[in-house]
Amino acid sequence: MKNFHDYDSLYIKAGVAIGEVFIVNSFLHLLMYLFPNAMHALSGTELYDDRVRTVFIIANLSYLLALSWVGIVLDKRSVFIESILKNTMKISGILFVIMLFALYLLRIDISITFFAIYSVWLFAALSVWRVFLRIMLKSYRSHGGNTKRVVVLGAGSIASQVYSQLVTNISYGYKFMGFFDDRAPEDYKVPAELVKGSLADATKFIADHDVHVVYCALPAGDDRKAVEIIRYAEQNFVRCLIVPDFRRFIEKKVELSFLEEIPLVSLRLEPLHKFGNRLAKRLFDVVFSGLFLVTIFPILFIVLGIIIKLTSPGPIFFRQKRTGENGRDFYCIKFRSMHVNKDADTVQATKNDARVSKIGAFMRKTNLDEMPQFINVFIGDMSIVGPRPHMLKHTEMYSALIDKYMLRHWAKPGITGWAQVTGFRGETQTLEQMEGRVKRDVWYIENWSFGLDLHIIFLTVWNMIKGEENAY
């Protein structure tokens with residue numbers, strides 16, 4: 001039986017922790033020097049020295065506790081910078097809370113501003129340290145260090161995709177050893193010279209070549225042939241990863257959950273399905289729209305309202321029923337940009353549309369006609385960022401023509417959206433244009449983050465300033 005110890009991973013984690021202990025102490029020492037009165041004790045006294053020692057002890061214990069809860073992900077073969085920064089933020093936040101609570105129990109009076117500055121500095125320093133180490137580790141693996149020997153069970157299309165990822169991303173540090181499959185050579189979807197034998201040959205090969213990882217990429221129905229191989233591998237501390245054959249259903253990242261002992265795979269990830277994310281987005285919507293409605297909107301209402309009434313008979317606002325979250329209809333509010341007409345609820349505005357008034361053309365070009373939708377945001381019908389709501393006629397028509405069209409209604413519609421800032425604003429003249437818009441709306445729902453919302457808002461404001469060709 002193989003004597004397996006992943007010393008490389010242990011060394012990496014130890015290096016990360018040692019460096020971070022140094023950062024925790026050096027930054028604390030620096031701040032103590034810059035803010036000698038942070039602890040409300042006379043510098044140089046015995047009381048001050050005792051408190052300093054206590055704070056350093058608490059800081060180190062707090063860091064070790066936070067590290068044990070959060071962990072280190074740098075040693076993983078595939079990890080994104082977002083995960084690194086998220087873990088670093090968790091460690092800084094937990095350390096801050098533990099230190100504050102411990103000092104309160106010990107009755108050590110210390111400035112909260114001091115700790116806030118320390119936490120921010122610490123997060124920045126730890127982030128730079130971990131990103132730097134990750135870059136160095138990827139470079140080390142790219143040059144042949146810290147490698148893991150890998151075999152793939154299967155020689156079909158799924159195995160080919162796995163192989164492509166393994167050899168393309170050399171920074172993962174995988175050394176590909178070969179495929180094993182029972183199919184005839186003419187049925188291989190991989191280079192024939194890389195197939196080392198049948199599935200019956202895999203066990204001996206794993207033992208003889210000190211393989212570290214086995215990918216099972218057999219098609220559905222054939223994976224039962226790998227049971228004995230996987231059992232042998234796990235008994236000898238060889239990691240086994242199953243590549244499920246459901247790509248015909250799923251094209252994105254998925255989430256695994258359980259119904260008691262039954263594994264369930266969701267067809268798509270929805271970050272906004274999580275309560276915390278929905279709450280954060282809603283709080284931002286309420287605060288942002290509330291501030292806008294009590295500051296800028298009254299001025300726009302007076303100025304644009306007067307111009308609209310003077311240049312075109314009819315109401316200031318245009319209310320149109322549109323499809324909202326989960327298919328629920330609502331009335332979308334806009335500044336009226338067209339002359340009153342009977343086709344407003346069924347026909348999209350087109351270039352040089354005679355129905356659009358002069359002030360309406362200006363408002364559409366600068367997005368000012370959308371500003372009353374902050375009312376929709378405040379009352380909860382819409383969000384600041386999300387898929388643009390469509391007319392009921394378009395929902396009925398395109399839902400029958402475009403696959404996944406209704407998925408865009410799994411989130412609240414927005415004043416602006418990812419499709420609008422990536423070239424899909426305005427009239428949709430062809431089915432392909434609407435498909436492009438829907439694709440981007442679904443991508444937004446599956447990849448939502450607060451940072452993405454801020455990015456879309458920035459691009460929207462920038463487009464308002466420079467003007468858009470598709471706005472008419």
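Keep in mind that this is a model prediction, so the values were computed, not measured.
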Inset, instruction - Check whether any side-chain N or O of Gln161 sits under 3.5 Å from a backbone N or O of Ile158 as a donor-acceptor pair, and report yes or no. - result: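 Flag not set: sc Gln161 to bb Ile158 has no pair under 3.5 Å.
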
Thinking salt bridges, do [X] and [Y] make one under a 4.0 Å N-O criterion?
{"X": "Asp285", "Y": "Lys412", "value": "no"}
{"X": "Arg278", "Y": "Glu325", "value": "yes"}
{"X": "Lys321", "Y": "Asp329", "value": "no"}

Inset, instruction - Give a yes/no verdict on a cation-pi contact between Arg319 and Tyr331, requiring under 6.0 Å between NZ or CZ and the six-membered ring centre and an angle within 45° of the axis. - result: yes

Legend entry - Ring-face cation of Arg130 near Phe132 (centre distance under 6.0 Å, axis angle within 45°):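 Negative - Arg130 is either too far from the ring of Phe132 or too far off its axis.
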
Legend entry - Check against side-chain contact (heavy atoms from CB on, under 4.5 Å), Val150 and Tyr215: CA-CA 7 Å; Val150 179; Tyr215 280 89; 3.4 Å; yes

Rounded at 0.5 Å granularity, tell me how far [atom1] in [X] sits from [atom2] in [Y].
{"X": "Ile307", "Y": "Ile302", "atom1": "CD1", "atom2": "CD1", "result": "12.0 Å"}
{"X": "Lys86", "Y": "Ile84", "atom1": "NZ", "atom2": "CD1", "result": "12.5 Å"}
{"X": "Leu401", "Y": "Glu435", "atom1": "CG", "atom2": "CD", "result": "8.5 Å"}
{"X": "Leu122", "Y": "Ile91", "atom1": "CG", "atom2": "CD1", "result": "9.0 Å"}
{"X": "Asp369", "Y": "Arg364", "atom1": "CG", "atom2": "CZ", "result": "6.0 Å"}
{"X": "Ser337", "Y": "Leu368", "atom1": "OG", "atom2": "CG", "result": "11.0 Å"}

Inset, instruction - For the pair Phe288 and Phe374, name the ring-plane relationship: parallel under 30°, tilted 30 to 60°, perpendicular over 60°. - result: parallel

[X] versus [Y]: any side-chain heavy-atom pair under 4.5 Å?
{"X": "Gln420", "Y": "Thr460", "answer": "no"}
{"X": "Trp410", "Y": "Leu272", "answer": "no"}
{"X": "Ile316", "Y": "Lys309", "answer": "yes"}
{"X": "Tyr63", "Y": "Ile58", "answer": "no"}
{"X": "Met434", "Y": "Met397", "answer": "no"}
{"X": "Met371", "Y": "Phe301", "answer": "no"}
{"X": "Val214", "Y": "Ile230", "answer": "no"}
{"X": "Arg388", "Y": "Thr416", "answer": "no"}

Are more than 12 heavy atoms from other residues, nucleotides or ligands located less than 6.0 Å from atom [atom1] of [X]?
{"X": "Phe284", "atom1": "CZ", "value": "yes"}
{"X": "His339", "atom1": "NE2", "value": "yes"}
{"X": "Met89", "atom1": "CE", "value": "no"}

Inset, instruction - Could you point out which residue of Tyr174, Tyr188, Phe179 forms a ring-ring contact (aromatic ring centres under 6.0 Å, His included) with Tyr163? - result: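 Of the listed options, the one satisfying the test is Phe179.
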
Legend entry - Worked verdict on Thr311 versus Lys358 for side-chain hydrogen bond (donor to acceptor under 3.5 Å, both in side chains): CA-CA 8 Å; Thr311 58; Lys358 290 184 178 180; over 6 Å; no

Legend entry - side-chain hydrogen bond (donor to acceptor under 3.5 Å, both in side chains) between Asp441 and Trp418, worked out: CA-CA 7 Å; Asp441 288 338; Trp418 181 241; over 6 Å; no

Inset, instruction - Start with the C-alpha gap between Ile98 and Trp69, add the side-chain angles, then the distance that decides, and say whether side-chain contact (heavy atoms from CB on, under 4.5 Å) holds. - result: CA-CA 12 Å; Ile98 294 176; Trp69 288 338; 3.7 Å; yes

Inset, instruction - Step by step, work out the side-chain hydrogen bond (donor to acceptor under 3.5 Å, both in side chains) result for Arg141 and Thr147. - result: CA-CA 6 Å; Arg141 287 171 173 168; Thr147 58; over 6 Å; no

Inset, instruction - Go through the steps for Phe317 and Phe335 under the test ring pair (Phe, Tyr, Trp, His ring centres under 6.0 Å), then give the verdict. - result: CA-CA 5 Å; Phe317 293 127; Phe335 281 125; 5.6 Å; yes

Inset, instruction - Would you name the heavy atoms of Leu407 and Ile445 that are closest together and state the gap between them? - result: O-CD1, 3.2 Å

Legend entry - Distance-minimising heavy-atom pair for Cys332 and Pro389: SG-CG, 4.5 Å

Legend entry - Pair Asn277-Trp448, side-chain donor/acceptor within less than 3.5 Å: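 There is no such pair between these side chains.
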
Inset, instruction - Quick one: do Tyr405 and His394 satisfy side-chain hydrogen bond (donor to acceptor under 3.5 Å, both in side chains)? Show the steps, please. - result: CA-CA 11 Å; Tyr405 177 86; His394 281 174; over 6 Å; no

Inset, instruction - Please test Ser357 against Met338 for side-chain contact (heavy atoms from CB on, under 4.5 Å), starting from the C-alpha separation and ending with a verdict. - result: CA-CA 5 Å; Ser357 63; Met338 289 184 175; over 6 Å; no

